[in-house]
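Report on the structure given below.
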Amino acid sequence: MSIASGVAPDLRGLLLPELEEVAERLGEPRYRGRQLARWLYARGATTADEMTDLPHGFRARLRRDARISALALRRAETSPGGAATKFLVACEDGQTVECVLMRFDDGRRSACLSTQAGCAMGCAFCATGRGGFARNLSAGEIIGQALLIRAHADRRVSHAVFMGMGEPLANYDATVRAARILAAPHGCGIGMRHLTISTVGLVPQIHRLARERLQLVLAVSLHAPTDALRERLVPVNHRYPLADLLAACRAYVAETHRRITLEYVLIDGVNDGDAEARQLARLVRGLNCHVNLIPLNPVPGVPFARPPVERVRAFARVVRGQGIPVTVRIERGVEIQAACGQLRLRDGQGRPSRWTR
Ligand code: SAH
Ligand code: SF4
């Protein structure tokens, strides 16, 4: 990333002190770094030429010695009710990822961001997992998605969730860097408390993230209350079984004083019984957490179904009855968030869309 090393840095992935350093190395005063940050993150500039209050010479040096990673919009689809618009974007090397603008009735706008092209974790019910892993995204490519979403939003984007394609904590450095840029006052202006990182449960990285003491929300994808069942759905459970994962969650809460979110995708006849609900409640008792139930979004070719609404409600009732705070992601929300990975998968396979272009 350093200009000295001869590799042109991607300005879009840099924090303010690093932009100030770039300015200095290119012979400008440090305060030019702040101008750069404003152009990059507040205004979403895609070229140095747009930065009209910078001296010509500096702009020329930026063109020569630095770059701004580009994302090309390939497709945009809006859900039937208008609650979400999904974007398929291509990176400079042609890798495609999805990101989503979510619109909530209370006016909130949230950006759902991908952290990897594909995913290596292979969860049994996930469209992204089925597509395999291509590569990590850079911080600039993650920020680029947020900027693209913001440019298409009708209101201020106040929240962002790392719940698109990929496992954020398997791309730790770029993810945390992107979170810091999104939350920085000179960055995209989304408060750290309005950021959520969702992880499949990579235990060492949860411990590492705890030490960063960021005020963001950590969401852990649990999906099953026993190792036997979780191994079937989330293969990484072989490496990090529930006892280790729950210990990491407890350590995270102790270190950060932040309540953790536990995500639980409900799959018809697989993990949605009253017995599992009681086991889940026992498993998480005493942990400062909130359980988010996500009725499965069916994936073509995957033999899992979404449970009936009554089953979802009954599951929630049992968990709540045990004193565990629980919410159900509304149907529309399911379609919005959990559908990540499906646009890309479908694009490759030419399946018809339920969404409109
Ligand atoms: N890799 C991270 C973040 C991306 S997935 C993780 O697994 O947590 C974001 C959330 O969507 C996860 O909780 C994931 O389990 C869930 N998800 C994936 N496929 C889904 C599907 N078909 N239906 C419902 N939720 C799904
Ligand atoms: Fe990867 Fe998350 Fe999908 Fe699992 S659910 S395959 S970790 S994106």
Side-chain angles (χ1 to χ4, degrees), residues 119-132 163 166-170 198-206 218-253 260-287 289-329 334 337-341:
C119 184
M121 300 297 148
C123 300
F125 49 85
C126 172
T128 304
R130 286 172 61 79
M163 289 191 185
E167 166 51 37
L169 297 189
S198 175
T199 177
V200 71
L202 303 185
V203 165
Q205 287 93 325
I206 293 174
L218 180 65
V220 173
S221 293
L222 206 56
H223 306 327
T226 64
D227 283 317
L229 184 53
R230 193 163 188 268
E231 280 165 12
R232 274 179 59 201
L233 302 174
V234 182
V236 81
N237 193 80
H238 288 286
R239 205 166 358 139
Y240 305 118
L242 281 172
D244 296 354
L245 180 54
L246 267 294
C249 291
R250 288 179 211 285
Y252 186 89
V253 171
I260 222 165
T261 296
L262 299 174
E263 295 165 282
Y264 193 105
V265 171
L266 285 166
I267 307 174
D268 191 27
V270 174
N271 65 354
D272 65 342
D274 284 356
E276 281 85 21
R278 280 191 295 271
Q279 286 171 321
L280 173 64
R282 249 199 319 277
L283 184 70
V284 306
R285 180 148 300 134
L287 175 66
C289 72
H290 156 256
V291 172
N292 194 202
L293 300 175
I294 314 168
L296 178 85
N297 195 53
V299 175
V302 171
F304 290 139
R306 181 185 298 184
V309 175
E310 313 82 68
R311 181 88 296 273
V312 174
R313 291 210 184 106
F315 192 97
R317 230 178 0 254
V318 172
V319 177
R320 197 173 293 123
Q322 302 289 314
I324 311 292
V326 53
T327 49
V328 179
R329 200 175 281 172
V334 172
Q337 299 212 359
C340 262

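Position 1 is the first residue of the sequence, and the numbers go up from there.
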Without hydrogens or angle criteria, can the side chains of [X] and [Y] be said to hold a donor-acceptor pair below 3.5 Å?
{"X": "Thr261", "Y": "Asn292", "result": "no"}
{"X": "Gln205", "Y": "Thr199", "result": "no"}
{"X": "Arg278", "Y": "Gln322", "result": "no"}

Return the [atom1] to [atom2] distance between [X] and [Y], rounded to the nearest 0.5 Å.
{"X": "Ser221", "Y": "Leu262", "atom1": "OG", "atom2": "CG", "result": "9.5 Å"}
{"X": "Ile267", "Y": "Arg311", "atom1": "CD1", "atom2": "CZ", "result": "14.0 Å"}
{"X": "Cys249", "Y": "Ile260", "atom1": "SG", "atom2": "CD1", "result": "4.0 Å"}
{"X": "Glu310", "Y": "Arg313", "atom1": "CD", "atom2": "CZ", "result": "7.5 Å"}

Go through Asn297 and Arg306 one step at a time and tell me if the side-chain contact (heavy atoms from CB on, under 4.5 Å) criterion holds.
CA-CA 6 Å; Asn297 195 53; Arg306 181 185 298 184; 3.3 Å; yes

Sub-4.5 Å side-chain heavy-atom contact between [X] and [Y]:
{"X": "Leu229", "Y": "Val270", "value": "yes"}
{"X": "Leu280", "Y": "Phe315", "value": "yes"}
{"X": "Leu245", "Y": "Arg230", "value": "yes"}
{"X": "Met121", "Y": "Pro235", "value": "no"}
{"X": "Val265", "Y": "Leu233", "value": "no"}
{"X": "Val326", "Y": "His290", "value": "no"}
{"X": "Leu222", "Y": "Leu246", "value": "yes"}
{"X": "Arg285", "Y": "Leu283", "value": "no"}

Do the side chains of Arg232 and Asp227 get close enough for a salt bridge, i.e. N-O under 4.0 angstrom?
no

Any idea which heavy atoms bring [X] and [Y] closest together, and the distance?
{"X": "Ala224", "Y": "Leu242", "value": "O-CD1, 3.9 Å"}
{"X": "Val328", "Y": "Ala316", "value": "CG2-CB, 4.0 Å"}
{"X": "Val302", "Y": "Ala124", "value": "CG1-O, 3.6 Å"}
{"X": "Thr128", "Y": "Gly166", "value": "CG2-N, 3.8 Å"}
{"X": "Leu266", "Y": "Pro307", "value": "O-CD, 3.2 Å"}

Show your reasoning for whether side-chain contact (heavy atoms from CB on, under 4.5 Å) applies to Leu293 and Arg329.
CA-CA 6 Å; Leu293 300 175; Arg329 200 175 281 172; over 6 Å; no

Going through the checks in order, is the side-chain contact (heavy atoms from CB on, under 4.5 Å) test met by Asp268 and Leu296?
CA-CA 8 Å; Asp268 191 27; Leu296 178 85; over 6 Å; no

Sub-3.5 Å donor-acceptor pair from the side chain of [X] to the main-chain atoms of [Y], do we have one?
{"X": "Glu263", "Y": "Ser198", "value": "no"}
{"X": "Glu231", "Y": "Ala228", "value": "no"}
{"X": "Asn237", "Y": "Val234", "value": "no"}

Classify the ring geometry between His223 and Tyr264 as parallel (under 30°), tilted (30 to 60°) or perpendicular (over 60°).
perpendicular

The test is side-chain contact (heavy atoms from CB on, under 4.5 Å); show your working for Val253 and Leu218 and say whether it passes.
CA-CA 10 Å; Val253 171; Leu218 180 65; over 6 Å; no

Member of Thr226, Val284, Asp274 meeting the side chain to side chain contact (heavy atoms under 4.5 Å, CB included) criterion with Gln279
Thr226

